[in-house]
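Structure first, then comments.
All values reported here derive from a predicted model rather than from experimental measurement. The figures that follow rest on heavy atoms only: side chains count, while hydrogens, waters and symmetry mates do not.
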4 protein chains.
Amino acid sequence: MSTSSGRPRSIHADQAILQATLDLLAEVGYESMSIEAIASRAGVGKTTIYRRYTSKEELVADAIESLRNDLAIPDTGSFWGDMDIVIKNAAKKIDSPLGRQTLALIISTASSNPQFAEVYWTKYTKLRREAFAKVLERAKSRGEINDNADVDLIIDLVSGSLYYALIFKPTTEPVEAYMRRTIDILMKGVGSGEMASLREKGKG
Amino acid sequence: MSTSSGRPRSIHADQAILQATLDLLAEVGYESMSIEAIASRAGVGKTTIYRRYTSKEELVADAIESLRNDLAIPDTGSFWGDMDIVIKNAAKKIDSPLGRQTLALIISTASSNPQFAEVYWTKYTKLRREAFAKVLERAKSRGEINDNADVDLIIDLVSGSLYYALIFKPTTEPVEAYMRRTIDILMKGVGSGEMASLREKGKG
Amino acid sequence: MSTSSGRPRSIHADQAILQATLDLLAEVGYESMSIEAIASRAGVGKTTIYRRYTSKEELVADAIESLRNDLAIPDTGSFWGDMDIVIKNAAKKIDSPLGRQTLALIISTASSNPQFAEVYWTKYTKLRREAFAKVLERAKSRGEINDNADVDLIIDLVSGSLYYALIFKPTTEPVEAYMRRTIDILMKGVGSGEMASLREKGKG
Amino acid sequence: MSTSSGRPRSIHADQAILQATLDLLAEVGYESMSIEAIASRAGVGKTTIYRRYTSKEELVADAIESLRNDLAIPDTGSFWGDMDIVIKNAAKKIDSPLGRQTLALIISTASSNPQFAEVYWTKYTKLRREAFAKVLERAKSRGEINDNADVDLIIDLVSGSLYYALIFKPTTEPVEAYMRRTIDILMKGVGSGEMASLREKGKG
DNA sequence: TGCTAATCGAGACGGTACGTCAAGTCTTAAG
DNA sequence: CTTAAGACTTGACGTACCGTCTCGATTAGCA
């Protein structure tokens with residue numbers, strides 16, 4: 001067994017690899033990006049990459065993860081106040097060339113590669129969802145949202161529709177407006193008055 | 001000019017290529033599927049494939065498109081009656097190895113390839129959305145759904161969340177149950193009673 | 001069997017094929033010349049070529065054979081007078097792109113294909129050698145050449161060295177000068193004076 | 001600068017490639033021999049071949065060159081003594097199935113492929129010619145050959161006529177006898193006595 | 001201070017698949 | 001029944017990367 005002997009891994013190489021990966025990701029996209037190109041760009045031997053990562057997915061997941069900035073959970077005192085910040089944060093991330101590229105990459109990779117999907121989910125998505133969930137729970141406790149509303153499902157709807165729109169209808173309105181509409185319709189519901197009354201009665 | 005001269009394209013080859021593509025898609029998946037394997041399986045020269053399609057995406061898109069069955073728009077007289085059929089149709093498609101493969105492929109390709117996204121959207125998605133929209137419009141005219149509900153956005157939410165769940169949470173509940181929950185929460189809305197009352201007043 | 005029924009072979013196609021073959025032979029060379037290019041250049045279907053020739057060699061052999069012009073045996077009264085004409089005829093043939101191409105082709109094919117070598121020898125080479133031999137025999141009878149000189153061997157030496165030089169030293173002097181030097185050295189011999197004297201004595 | 005960095009070229013691969021090339025050359029001939037077949041036979045990737053050679057010609061030239069045994073320049077003290085050895089060496093090479101096959105191949109390739117001709121010339125032919133030239137120069141200094149005899153041209157004549165005969169008259173006498181006759185006629189010359197006298201006078 | 005062992009950049013290794021090209025065969029409509 | 005056109009199967013081409021494997025040259029910490 002080898003505990004610590006030998007030359008230690010080069011931190012400089014670590015960083016160069018991640019940076020080169022992100023650069024190429026933005027330049028040529030995931031599919032057209034070869035390990036050899038990354039190695040060359042990073043000024044690193046292929047071996048040095050393969051010693052760290054067993055697959056392109058793993059490498060890319062780590063590269064993207066390295067971008068993760070700490071996310072503060074907003075607490076303005078009102079649902080829409082908090083949502084405003086959540087929405088603006090999301091929009092800031094996504095409404096840029098690299099942002100869309102990155103998102104497309106994640107969805108693309110995850111959809112054809114369940115392992116990546118899981119890694120990405122636990123490492124990245126989960127944290128953001130927990131932040132969103134906290135905001136929703138607070139809204140619940142304030143009485144702004146139904147007690148028995150399924151928080152997880154709400155997040156699915158907001159995130160899912162956003163991704164969907166970005167993939168299939170990329171030229172339409174800005175992210176911020178779209179998200180606002182999404183949450184609005186979710187809050188109000190689309191059922192007619194009678195049904196709403198029914199619901200109210202059922203509650204009472 | 002070449003209007004009709006020369007040996008015509010072989011219809012048999014057309015079909016053999018598409019069938020081999022679908023078979024391999026289900027067997028080894030999109031990434032591991034090589035053009036050479038398709039040609040070999042179809043008993044066809046590579047040239048014959050390249051004469052028809054310039055890329056794997058194009059070929060696969062056509063293969064999937066060839067699967068498209070005609071979709072009848074249900075009209076049972078009630079919203080949930082119609083939805084039951086819509087949901088079951090969707091579930092039948094998606095809840096199979098090939099179905100999930102295919103969906104993953106489409107999302108994967110579309111997210112990293114805007115051209116494909118557009119082609120697929122106009123050729124395929126649009127038709128299904130129009131069917132869904134019709135069901136929603138009928139529900140509106142029956143008073144089961146709010147007059148001013150944004151039909152397009154509803155479809156985004158239902159489709160988007162479904163795709164999202166399939167990609168990132170593939171092991172959970174069946175498609176049918178998930179969709180039912182989605183539509184349910186959308187109908188009722190998550191806003192609290194007061195807000196619902198507000199909404200009613202605003203309408204009045 | 002059908003002797004004459006149906007549409008007759010097109011004589012125009014015959015000629016167009018041969019001409020296109022010769023053109024391309026001169027332009028791109030034997031190896032880089034494709035049947036498809038010949039067909040296209042001749043305005044003819046590939047089938048039409050394959051109906052007439054079973055191989056590229058056969059086609060090219062026929063094309064070259066079609067060029068063969070009748071050769072008159074010179075008789076100027078002196079060895080070097082005759083040789084002048086022989087040499088100039090040879091040079092005229094060989095010192096052109098097509099000529100060198102053709103020669104290369106013949107040697108290439110003949111050296112790897114004894115059947116072709118034999119056919120070509122009897123159909124073509126023999127006639128030229130007989131003309132050359134006649135010139136040499138006349139020189140003998142005039143006393144310009146040794147009585148017991150081996151005419152066949154002389155022709156071998158002159159032809160062989162010419163071919164050899166064209167293949168391996170193609171960029172040097174013109175054919176005419178080279179041949180003149182060849183024949184000159186052959187006439188004089190390279191043996192030193194003593195040996196020449198010895199030879200003279202042996203003769204006497 | 002890259003003097004020694006990276007994994008060194010495999011000598012084993014070098015040899016395997018050359019051997020496979022020679023084997024296939026003898027078995028199927030130059031034209032029908034594919035790089036892929038060579039790679040497969042040698043147990044080597046195609047890349048490994050293309051890393052070493054940019055063309056089939058280059059590879060084949062090297063393979064043939066590898067057969068070259070060291071040629072000692074004979075020095076027996078007399079022209080015919082040296083020539084005996086030169087002739088016997090040549091005959092030994094050519095008078096075998098592989099020898100003729102190889103020679104045919106070389107001529108065939110060289111005549112239709114100037115690049116090969118040049119490579120082969122500088123790598124192989126030149127050395128043998130230099131050996132032959134040395135023998136001739138020594139004969140000159142011994143007075144057995146004319147001072148002003150064109151050594152290069154003599155070699156052309158001897159080599160050229162031999163190749164010529166092997167291609168076009170393959171069934172005749174053995175190589176050894178033919179070469180002896182060639183050199184003999186060259187030594188003596190074919191010009192008549194008067195011309196020989198003229199030559200002597202010109203010299204005096 | 002010198003030894004040991006893992007790391008480094010570099011690049012060759014045996015392979016797979018790519019997309020292109022030409023080969024020779026087959027099939028059509030037109031003559 | 002031949003023609004021109006062009007699609008067919010086959011198979012080699014040369015290129016790009018894959019993931020693995022040497023190399024000689026650095027680096028640490030342990031002795």
If you assign each of D14(D) and M33(C) to its closest nucleotide in DNA chain E, which residue comes earlier from the 5' end? D14(D)

Please figure out whether S32(C) or E36(D) has its closest DNA chain E nucleotide nearer the 5' end.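 The 5'-side residue here is E36(D).
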
Atom [atom1] of [X] to atom [atom2] of [N]: distance rounded to whole Å?
| X | N | atom1 | atom2 | value |
| --- | --- | --- | --- | --- |
| E31(D) | dA22(E) | CD | P | 16 Å |
| H12(C) | dT2(F) | NE2 | C1' | 16 Å |
| I17(C) | dT2(F) | CD1 | P | 14 Å |
| I35(D) | dT16(E) | CD1 | P | 18 Å |
| I38(D) | dA12(F) | CD1 | P | 12 Å |

Under the criterion side chain to side chain donor-acceptor pair (under 3.5 Å), which of E27(A), Q19(A), E36(A) is the partner of R41(A)? E27(A)

Closest heavy-atom contact between A13(B) and V44(B)?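 In this case the closest contact between A13(B) and V44(B) is CB-CG2, 4.1 Å.
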
With a 3.5 Å cut-off and just heavy-atom distances, do the side chain of T47(A) and the base of dC21(F) make a donor-acceptor pair?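 When only heavy-atom distances are counted, T47(A) does reach the base of dC21(F) through a donor-acceptor pair under 3.5 Å.
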
Looking only at N and O atoms, is any donor in the side chain of K46(C) or the base of dG24(E) less than 3.5 Å from an acceptor on the other one?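 A donor-acceptor contact between them is present.
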
Categorize S34(D) for me: base, sugar-phosphate, or nothing, with a 4.0 angstrom heavy-atom threshold over every strand shown.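 Sugar-phosphate, no base atom in range.
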
Note, [X] side chain near [Y] side chain (heavy atom, < 4.5 Å):
| X | Y | value |
| --- | --- | --- |
| S66(C) | L22(C) | yes |
| T21(A) | D62(A) | no |
| Y53(D) | I35(D) | no |
| L166(C) | I107(C) | no |
| I106(A) | F168(B) | yes |

Quick one: is [X] getting a side-chain N or O under 4.0 Å of the [N] phosphate, OP1 or OP2?
| X | N | value |
| --- | --- | --- |
| R9(A) | dT7(E) | yes |
| T48(A) | dG9(E) | yes |
| R7(A) | dT27(F) | yes |

Of the nucleotides dC8(F), dT28(E), dT10(F), which one has an atom closest to the side chain of S10(B)? dC8(F)

Kindly point out which of dT15(F), dT20(F), dC8(F) is positioned nearest to the side chain of A13(B)?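 Out of dT15(F), dT20(F), dC8(F), the nucleotide with an atom closest to A13(B)'s side chain is dC8(F).
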
Nearest-nucleotide wise, let me know which of G45(C) and A37(D) is further upstream toward the 5' end of DNA chain F. G45(C)

At 10 degrees resolution, what angle do the end axes of the helix from dG2(E)-dC30(F) to dG31(E)-dC1(F) form when each is taken over five base pairs? 20°

So, R52(D) and D14(D), do they make that salt bridge, N to O below 4.0 Å? yes

Taking ring pair (Phe, Tyr, Trp, His ring centres under 6.0 Å) as the definition, give me every residue that meets it alongside Y50(B), ordered by chain and number, with sequence neighbours left out. none

Would you say E118(A) has more than 12 foreign heavy atoms packed within less than 6.0 Å of its CD?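 Counting other residues, nucleotides and ligands, CD of E118(A) stays at 12 neighbours or fewer.
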
Can you sort out which residues in residues 49-66 of chain A have a heavy atom within less than 4.0 Å of DNA chain F? Ascending by number, please. Y50(A)

